[in-house]
Amino acid sequence: MLKSTHTMRARMFTGITAILLLVIAVFSTFNTIQRFNALKRDIFTSMELIASNVAQQLDEEVYQLALLSQRMTFSAQLRESILGAMPGSTGADLYRLQTDLNELVYSICGPELTFFHMNIITDDGYRYAFGQEYGYTHLEESPQTYDWYREAIRLDGKVLVVPLHTREVSGGEVEVVSVCRGFGLLVGSSARAVVEVLLDYDSLEEIVARAVSYSEGDSRRDDVYVLDGSGNIVFSSSAAVADSAGHYCSLVGSAENGSVTRNPFTGREEFFFCSGAEYSDWYVVVAPDTEILNQQLTQLIASMIGETLLILAAAAVISLLLSHRFSVPLLRLCACVDSCDLDHLDEAVQRHKPSGVAEIDQLGNAFNQMTDRLKHSLSQVVELKNAEIHAKMLALQAQMNPHFLYNTLAVINIMVAEGETDTVQTACRNLSNILEYISSKELHPVSLRQELQHAQNYMDLMQMRYQGDIVFSVETEEAAMDVMVPKLVIQPLIENAIKYATEKDPVWHIGIRIGLEGDFWKVMVWDDGNGFDPENLRALREKMRVLKSGGRIPQLTLHGMGIMNIFLRLMLTYGEDMIFWIDSRPGEGACVTIGGRIKQEKAMQSEISK
C-alpha cells in the first residue's frame, strides 16, 4: 500500500497509472463501439437467415405436397376409381374398390406418409379419406359450398394453397393448410374432383422451429409469422399476430430489412425482416422486439466492464512493478535499519543486498559494515550471558536429584519399618532405574515416553507404599509420546500432587494426561486433595509473572524448588511458547498443566545449551 502521496513510489505509481487509464479508456470506448456494430450486423444477418430458412423450408414442404397431389391426379387408375367405378358401387364391390384404391395410394405415397391427411372430393359429393381416417362416404352438403373447392375446380389442374383454416378430421377440429389440385377423368379434361393434401399446424410449427434452430423455449421463435400473398395468416407463433397481419402485410415490399417499426396493436418497437417463398407465394416475417439488441448491448457492456477491470488490475500491477524498480531498494534498506537492534544482532539480522542502484548500494554497504562492527563488539557480552544461563540450567536440574533421592529413600525406609520386606527388592530396582535416569549431568532432551517411564517407576514406588489408598490414572496419545521435552518435568508434578492429595483421607486419586494440541505438547497432572493454599498460590504466580517480565533468575534452595524449578526450565527452553497453568479448587484438588511448542531435537538442544 502507498501510505503517503509524497513518496517517490506514490508519485511514480500515480503518473504511470494515469497514463495507462487514459489509454485503457480510449481503447475500451473504441472497442465497445466496434463490437456493438459487429454484434448488430450479426443479429441482422441472423434474422435475415431465419426468414430465408423458414421460407425455403415451407416452400419445399408445399412443393412436395404439390408434387404428391400431381402424382395422384396423373394416376389413370386413381381417376378411373374415383370418377368411374366407385360412384354408385355398394357392398362387396365398393369394399374391394376401396381396398384397391388404398393400396394404389400407398404405392404412390410410400409407406411413410409425409402429410397429415388427404381427401379426394368429387362434384357429386363423394369423399375418399386417407391418413388420419380411411373411408369412402357421401358428404351431407355439396362441395360447391366450399370456396376453396370452387377455386380449385376453376384452376382446372393448377395447384391451390389454402391458408391456415379449421377442418374436421377424424371427429375433431384441426388447424391445417391445404394443398389442392382439381382433375378430371382424363388428363386435360374439365375438373370434376379435387385432391386435397392437408398439413397440420403442429407440422408447420415443427418446420419453423427446425428452420429457426433455436433451443427449446427461446423467445425469438415467437417472432416468426407466415402470410400469404393476400395478407392471410398461414402460420403465427404468437397469438398477437391475428390483429397484426394487416400491419405486416403493409410492410412487405415497402420496408427494408432491419428497419424499425412500431406495431400499432402491441405498441412495441420491432425490427422488420422479410423473405418471400417463390413457389407458395408466401411471405415469412421475422419481427423481434428491439429490446433484443438492448439485451445484447447490456451483455456486451457487462463483458467489457469485466474485461476493463481485468485490464485495470493488470495496469495497476504494471504500475507497481515499475515504481518498485526504484522504491523497493530504499524500502528494503529501511527495513534493514529497522531490524537493527540489540535483540536481532545475530545471524538472522537483515542485511542489505545489491539492488542495481549505485547510490542505494553505497548506503547499504555502509549499513552492513556498521552492523558487523556492532555484532563484533557485543559478541563477548552475549557469550557471557549464554554461559550464565547454561550454569543456571545445570543448577536447576542438579537440585532435582538430591531432593527426589531424599524423598524416595524416605519411602523405602517406611516400607522397611512397616515390614514390607517382600516389596523392598522391587522398590530398590525401581529406585535404581530412577537414579540411572536422573544421574546424567547432560542437558539433552528426552522423549515424553522416557519421561512417562521414569514417572511410572516413581508411581510404582508410591503404589507399593500406599497400596490401595492411592489410585493412579494415565491417559496418553501415541502421537505425542516421541516428542522431545526437557528432562524431569513430569515426576516432580506427580510428587507434588501426592503431597497435597495425602492431606485428605484416602482414597487419593492422581491423574496424568499426555497429548498434543496443535503444534504444542501438553501434560496435565491433577489430584483430588485440598488444593494449593490461596496465599501461597498468589505468591507463586507473582514470582512467575516477575520472571516472565524479565526479572533475574533466583538461586533456588532445596525447599523452594518443585513447581518453580519446572517453570524456570520450561521458560528457559521455550520462552513465549511455554505452557504453564495452575488451577486450584480449595477442598477439591488442583491441576497443573505444562507444555511447549514442538521442536526438533537439535533445535531444543540448542535452546537448552544457550
Side-chain angles (χ1 to χ4, degrees), residues 393 396-397 400 404 430 433-434 437-438 443-463 470-501 507-529 531-532 537 540-541 544 547-548 561-585 588-608:
M393 286 292 291
L396 287 170
Q397 181 171 316
M400 296 300 301
F404 170 74
N430 286 342
N433 293 334
I434 292 173
Y437 182 79
I438 67 176
L443 293 178
H444 62 81
V446 296
S447 67
L448 282 172
R449 194 183 308 277
Q450 293 172 291
E451 268 292 282
L452 180 60
Q453 182 58 50
H454 170 65
Q456 188 63 54
N457 288 330
Y458 176 77
M459 287 187 286
D460 290 344
L461 286 176
M462 294 300 101
Q463 195 73 64
I470 191 166
V471 176
F472 293 100
S473 62
V474 180
E475 300 177 31
T476 63
E477 292 183 18
E478 182 60 29
M481 299 308 292
D482 292 323
V483 174
M484 307 305 290
V485 300
K487 199 173 184 180
L488 293 174
V489 293
I490 299 180
Q491 182 272 329
L493 294 179
I494 298 174
E495 183 178 355
N496 187 79
I498 293 174
K499 172 185 175 182
Y500 287 98
V507 173
W508 310 300
H509 294 85
I510 310 296
I512 303 97
R513 188 184 186 283
I514 301 174
L516 298 178
E517 187 173 300
D519 294 335
F520 289 79
W521 63 270
K522 185 185 290 186
V523 175
M524 300 174 61
V525 178
W526 67 89
D527 63 77
D528 59 352
F532 289 90
L537 184 58
L540 189 62
R541 287 173 173 167
M544 294 177 183
L547 289 175
K548 280 187 174 182
M561 56 182 182
I563 291 178
M564 283 302 297
N565 184 297
I566 298 173
F567 175 83
L568 284 170
R569 288 189 290 128
L570 290 177
M571 187 182 71
L572 291 173
T573 303
Y574 294 99
E576 294 297 326
D577 292 332
M578 172 187 68
I579 295 176
F580 201 100
W581 305 327
I582 299 177
D583 182 23
S584 178
R585 298 178 300 279
E588 298 181 12
C591 177
V592 179
T593 303
I594 64 173
R597 185 179 296 276
I598 298 173
K599 300 180 180 181
Q600 297 295 328
E601 181 176 357
K602 291 183 179 179
M604 180 176 294
Q605 185 66 41
S606 174
E607 292 290 335
I608 293 176

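Separating the CD1 atom in Ile566 from the CZ atom in Phe580 is a distance of 6.0 Å, to the nearest 0.5 Å. Here the straight-line distance linking atom CG of Leu568 with atom CE of Met544 works out to 8.5 Å at 0.5 Å rounding. A distance of 6.5 Å separates CG in Leu452 from CD in Gln456, rounded to the nearest 0.5 Å. Atom-to-atom distance recorded for Cys591:SG and Arg513:CZ is 11.0 Å, nearest 0.5 angstrom. The CD1 atom of Ile490 sits 11.0 Å away from atom CD of Gln450, with the distance rounded to the nearest 0.5 Å. Leu570 CG to Asp577 CG: the interatomic distance, rounded to the nearest 0.5 Å, is 12.0 Å.
Nearest heavy-atom pair, Arg569 versus Pro486, reported as atom, atom and distance to 0.1 Å: NH1-CB, 4.5 Å. Annotation for Ile594 and Val489: closest pair CD1-O, 3.5 Å, computed over non-hydrogen atoms. Here the closest non-hydrogen pair linking Ala590 and Gly531 is CB-CA, 4.1 Å.
Side chains of Phe520 and Ile579 form a contact here, defined as non-hydrogen atoms less than 4.5 Å apart. The closest side-chain heavy-atom distance from Met564 to Leu540 is below 4.5 Å. Annotation: side chain of Val592 is not in contact with side chain of Asp583 (no heavy-atom distance under 4.5 Å).
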Run the side chain to side chain contact (heavy atoms under 4.5 Å, CB included) test on Trp508 and Val471 for me, step by step, so that the C-alpha distance in whole Å, both residues' side-chain angles and the decisive distance to 0.1 Å come before the verdict.
CA-CA 6 Å; Trp508 310 300; Val471 176; over 6 Å; no

Where do Ile563 and Ile582 land on the side chain to side chain contact (heavy atoms under 4.5 Å, CB included) test, with the steps shown first?
CA-CA 10 Å; Ile563 291 178; Ile582 299 177; 4.2 Å; yes

Would Thr476 and Val474 count as a side chain to side chain contact (heavy atoms under 4.5 Å, CB included) if you check the C-alpha gap in whole Å, the side-chain angles of each, and the deciding distance to 0.1 Å?
CA-CA 7 Å; Thr476 63; Val474 180; 3.9 Å; yes

What's the verdict on side chain to side chain contact (heavy atoms under 4.5 Å, CB included) for Trp521 and Leu448, showing C-alpha distance, side-chain angles and the deciding distance?
CA-CA 9 Å; Trp521 63 270; Leu448 282 172; 4.3 Å; yes

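Judged purely by atom type and a 3.5 angstrom limit, Glu451 uses its side chain to pair as donor or acceptor with the backbone of Leu488. At least one donor-acceptor pair closer than 3.5 Å links the side chain of Asp528 to the backbone N or O of His509. Here the side chain of Arg449 pairs no donor or acceptor atom with the backbone of Val483 at under 3.5 angstrom. Panel note: side chain Arg597, backbone Glu576; no donor-acceptor pair is recorded below 3.5 Å.
Here the rule is side chain to side chain contact (heavy atoms under 4.5 Å, CB included) with Met459, and of Ile510, Ile498, Ile512 only Ile512 fits it.
A salt bridge does not link Lys522 to Glu477: none of the charged nitrogens lies less than 4.0 Å from a carboxylate oxygen.
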